**Student:** 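The following block contains the structure, expressed as structure tokens.
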Amino acid sequence: MLEIQKIRSNKEQIIEALNKRFFPAEKFIQELLDKDNQWRKNKTELETITSELNKFAKNIGELMKNGQKELAEQEKEKSKKIKEKESELKSVVEELEKEIQLLLYQIPNTPNELVKAGKSAEDNEEIFTQGQIPKLHEKAVPHWDLAQQYNLINFELGVKITGAGFPVYLGKGAKLQRALIQFFLDEACNAGYEEYMPPIVVNEASGFGTGQLPDKEGQMYYMPADDLYMIPTAEVPVTNIFREVLLPDENFSFKMCAYTPCFRREAGSYGKDVRGLNRLHQFDKVEIVRIEHPDNTAKALEEMLEHVKNLLMKLELPFRILRLCGGDMGFSSAMTYDFEVYSAAQQKWLEVSSVSRFDTFQSNRLKLRFKTKDKKTVLCHTLNGSALALPRIVAALLENFQDEKGIKIPKALIPYTGFDRIEH
RNA sequence: GGUGGGAUGGGUGAGUGGCUGAAACCAACAGUUUGCUAAACUGUCGUACGGGAAACUGUACCGCGGGUUCGAAUCCCGCUCCCACCGCCA
């Protein structure tokens, strides 16, 4: 959620920034500011009247105490009329507040100055590439065939137990999952991120805090009996640790990581995009989350990018980094970098990580703030990124490292898997 | 699931209709004293929003939402959460 104070004072810059998303900013911002003006006018008037009523009440109390009953009654009569006016104004103010809130919820974050204008994924900028695209043998197949051939993942079994998008991992397939989770967590801890194991269901307030609610509730699985949501990412519970937190000074920097399963309804997805591990309803992910002083955000983002790069290099996967254009970024993000690995048998790039800075957009909703040296209350910045999401990594590993006889495990992972090849 | 108790500022905790944005104590911060530490003393010490260049000022907030009243932390109604004990269970 954008800060209303900033919209008041930086109207033009904000509209310009939002235009990079092809969001109809002009209309929204103007309407918002008109409502805000009305609100402030009415609010001031209301408070003047309330103040008057408070004086009446005090005065009447005095009169009663002194036994001047008749005078008191007269004053009561006078205050009645003012009170009518008060309740009228009150409902106007409340209505305006609701409308302003509603508008604010619908306005996405303002893109960072580095972000280019653009409508879709085609306008994303490739800013970095690394690694060689492997040459596969002639009979190379996509990962869903490999998974079946070597009995690593059983998709049909998942359908039987739950439904499409809930695969069953078994044997070395299951061990590979466990190895990757452990590997990613160790790497994150070594980079100074503190490990958390949060709940994987959250309440409504948490969904709201990170911006999934009220708009994107279709994305989450919902349990009406208990009014709880399954998390779509560890970002939700971990960031909400800091909901309604006021940090006492400026010397803070929180680096957290968490492994959780993630649940996404992915309503509307279909076709080859959802084949095999490409898009699942349940998947595993290690997430890194940072709470930073605004001055430190740019540096923190760089560090996170380096961290994810490092993971992919250790896994020996070819990858590229894209800086998303305005139109392709998530609602809450000010700037997002996507990491894509090349999956050689499918011959396509798969998104495996998304690293974003949100600046004050989340912290404004979360009420996550700190005190400056001169005792001012200021919103913190939040950042997060996947480090990493498993399924597409597994897809790329299987596809890229296959040969005629089996699948090789990258060196860095062998200590975690306990085997160096997958064979019959 | 059953029964009972509770929710007040960073913490403990007083407050049953106006003198309470809220006692007292603790913690924290600043200062005085001191060779240093400690102690003592003095002062400061909630959040949000509005108005104002600022000093400052207005309003709201005692779990949440409604009601009664000229006036509510205090009375009434509904809800949520927490704690304890019992039952069931990993």
Side-chain angles (χ1 to χ4, degrees), chain A residues 1-9 32-105 197 199-209 213-214 222-229 237 240-252 261 360 362-380:
Chain A
M1 184 163 67
L2 294 179
E3 295 154 85
I4 185 81
Q5 300 92 329
K6 284 200 181 152
I7 300 178
R8 278 180 205 143
S9 53
L32 183 67
L33 287 177
D34 288 346
K35 291 243 156 75
D36 183 57
N37 270 329
Q38 280 181 53
W39 175 78
R40 281 190 291 171
K41 193 173 137 258
N42 283 292
K43 175 99 172 167
T44 307
E45 202 177 326
L46 173 64
E47 284 179 357
T48 314
I49 289 178
T50 313
S51 166
E52 232 172 286
L53 280 171
N54 285 345
K55 278 177 202 145
F56 263 105
K58 219 168 220 175
N59 190 23
I60 290 167
E62 272 317 295
L63 293 173
M64 298 283 247
K65 207 190 282 171
N66 299 337
Q68 294 169 274
K69 256 205 152 152
E70 264 183 40
L71 256 176
E73 287 302 326
Q74 281 174 31
E75 292 297 288
K76 272 194 206 181
E77 270 309 308
K78 277 195 220 162
S79 73
K80 237 178 216 165
K81 271 182 202 148
I82 302 173
K83 213 185 167 186
E84 269 169 40
K85 178 83 184 153
E86 189 208 22
S87 67
E88 221 173 274
L89 262 175
K90 209 175 182 174
S91 61
V92 170
V93 166
E94 275 168 11
E95 187 53 40
L96 281 167
E97 272 167 10
K98 264 188 220 156
E99 288 172 21
I100 288 167
Q101 279 300 312
L102 209 67
L103 284 169
L104 276 174
Y105 289 157
M197 250 205 192
I200 60 171
V201 293
V202 295
N203 58 27
E204 194 181 346
S206 295
F208 181 81
L213 298 173
Y222 173 57
M223 292 170 284
D226 298 291
D227 206 14
L228 296 172
Y229 298 83
N240 271 283
I241 292 170
F242 287 86
R243 175 152 43 87
E244 279 153 53
V245 166
L246 180 56
L247 299 164
D249 57 55
E250 307 196 35
N251 308 314
F252 65 89
T360 58
Q362 288 186 328
S363 57
N364 191 28
R365 284 189 167 208
L366 290 162
K367 294 206 178 72
L368 165 55
R369 299 153 302 171
F370 68 94
K371 283 275 187 197
T372 63
K373 278 188 211 89
D374 43 350
K375 303 279 179 206
K376 284 210 173 109
T377 310
V378 177
L379 292 169
C380 302

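Here is the naming used below: chain letters follow the sequence lines, and residue numbers restart at 1 for every chain. Just so it is clear, the structure is predicted and the values come from calculations on it, not from any experiment. Just the heavy atoms: all of them, side chains too, but no hydrogens, waters or symmetry mates, feed the values below.
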**Student:** What is the first contacted nucleotide of RNA chain B and what is the last, in 5' to 3' order, if contact means an atom lying under 4.0 angstrom from a heavy atom of chain A?
**Tutor:**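 So the contact region on RNA chain B extends B:G18 to B:G71.
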
**Student:** Does A:L246 have any side-chain contact (heavy atoms from CB on, under 4.5 Å) partners at least two apart in sequence or in another chain, and if so, which?
**Tutor:**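 Counting only residues at least two positions away or on another chain, A:L246 forms a side-chain contact (heavy atoms from CB on, under 4.5 Å) with A:R369, A:K371, A:T377.
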
**Student:** Taking atom P in both B:C77 and B:C88, compute the distance separating them and give it to the nearest angstrom.
**Tutor:**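 Their P atoms lie roughly 35 Å apart.
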
**Student:** Remember a base hit wins even if backbone is also touched, and classify A:Q5 as base, sugar-phosphate or nothing at under 4.0 Å, heavy atoms.
**Tutor:**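 Since only primed, P, OP1 and OP2 atoms lie under 4.0 Å of A:Q5, the category is sugar-phosphate.
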
**Student:** Using the P atoms only, state how far B:U42 lies from B:C26, rounded to an integer number of Å.
**Tutor:**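 Between the two P atoms, the distance is 12 Å.
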
**Student:** Give me the distance, rounded to whole Å, that separates B:U32 from B:A39 when you measure between the C1' atoms they each carry.
**Tutor:**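 Pairwise C1' distance, B:U32 against B:A39, rounds to 13 Å.
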
**Student:** Would you compute the distance between atom CG of A:L228 and atom CD1 of A:I200 and round it to the nearest 0.5 angstrom?
**Tutor:**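 With rounding to 0.5 Å, CG (A:L228) is 11.5 Å from CD1 (A:I200).
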
**Student:** Would you mind reporting whether A:M1 and A:F208 have side-chain heavy atoms less than 4.5 Å apart?
**Tutor:**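 Heavy-atom side-chain distance check fails, nothing below 4.5 Å.
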
**Student:** Report yes or no: do A:N54 and A:S51 form a side-chain donor-acceptor pair below 3.5 Å?
**Tutor:**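 Distance-only check fails for A:N54 and A:S51.
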
**Student:** Please measure how far the C1' atom in B:G21 lies from the corresponding atom in B:A73, and state the result in whole Å.
**Tutor:**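 Pairwise C1' distance, B:G21 against B:A73, rounds to 10 Å.
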
**Student:** Are the side chains of A:N42 and A:L96 in contact, using a 4.5 Å heavy-atom criterion?
**Tutor:**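 In contact.
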
**Student:** Please tell me if the side chains of A:R243 and A:L368 come closer than 4.5 Å, counting only heavy atoms from C-beta onward.
**Tutor:**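 No. Closest side-chain heavy atoms not under 4.5 Å.
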
**Student:** For A:K35, run the side-chain hydrogen bond (donor to acceptor under 3.5 Å, both in side chains) check against A:E97, A:E99, A:E95 and tell me which one passes.
**Tutor:**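 The single option meeting the side-chain hydrogen bond (donor to acceptor under 3.5 Å, both in side chains) with A:K35 is A:E99.
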
**Student:** Heavy-atom nearest nucleotide on RNA chain B for A:E52 versus A:I4: which residue maps closer to 5'?
**Tutor:**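 Nearest-nucleotide comparison on RNA chain B picks A:I4.
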
**Student:** Touch check for A:N54, heavy atoms < 4.0 angstrom, all strands: base, sugar-phosphate only, or nothing?
**Tutor:**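 Touches sugar-phosphate only.
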
**Student:** Given the C1' atoms of B:A27 and B:G10, what is the spacing between them in whole Å?
**Tutor:**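 Here B:A27 and B:G10 have their C1' atoms 8 Å from each other.
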
**Student:** Could you tell me whether A:T48 contacts a base, only the sugar-phosphate backbone, or nothing, with contacts defined as non-hydrogen atoms closer than 4.0 Å?
**Tutor:**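 Contact class for A:T48: none.
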
**Student:** Does a side-chain heavy-atom distance below 4.5 Å link A:V201 with A:Y229?
**Tutor:**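 No - every pair of side-chain heavy atoms lies 4.5 Å or more apart.
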
**Student:** Pick the nucleotide of RNA chain B nearest each of A:L246 and A:K76; which residue has the one closer to the 5' end?
**Tutor:**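 By nearest-heavy-atom nucleotide position, the 5'-most residue is A:L246.
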
**Student:** Please, what dot-bracket string fits RNA chain B when only Watson-Crick and G-U pairs with both distances under 3.5 Å count, crossing ones use [ ] and pairs to another strand use |?
**Tutor:** ((((((((.[[[..)..(.....]]].(((((.......))))).((((((....)))))).[[[[[..)....]]]]])))))))....

**Student:** Using a cut-off of strictly less than 4.0 Å between a heavy atom of the residue and any atom of RNA chain B, enumerate the qualifying residues of residues 86-99 of chain A by number.
**Tutor:**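 When residues 86-99 of chain A is checked for heavy atoms under 4.0 Å from RNA chain B, there are no hits whatsoever.
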
**Student:** A:R40 versus A:R8: any side-chain heavy-atom pair under 4.5 Å?
**Tutor:**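 When only atoms from C-beta onward are counted, A:R8 and A:R40 do touch, with a gap below 4.5 Å.
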
**Student:** Provide the distance between the two C1' atoms, one in B:A53 and one in B:A38, to the nearest whole Å.
**Tutor:**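 After rounding to an integer number of Å, I get 47 Å for this pair.
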
**Student:** Considering only distance and modelled atom types, tabulate donor-acceptor pairs under 3.5 Å from the side chains of residues 76-89 of chain A, sequence neighbours left out.
**Tutor:**
{"from": "A:K78", "atom 1": "NZ", "to": "A:E75", "atom 2": "OE2", "distance (Å)": "3.2"}
{"from": "A:S79", "atom 1": "OG", "to": "A:K76", "atom 2": "O", "distance (Å)": "2.9"}
{"from": "A:S87", "atom 1": "OG", "to": "A:E84", "atom 2": "O", "distance (Å)": "3.1"}

**Student:** Pick base, sugar-phosphate or nothing for A:K55, based on heavy-atom distances below 4.0 Å to the nucleic acid.
**Tutor:**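 The residue A:K55 makes no contact with any strand.
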
**Student:** What residues form a ring pair (Phe, Tyr, Trp, His ring centres under 6.0 Å) with A:F370, not counting sequence neighbours?
**Tutor:**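 A:F370 satisfies ring pair (Phe, Tyr, Trp, His ring centres under 6.0 Å) with A:F252, A:H293 only.
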
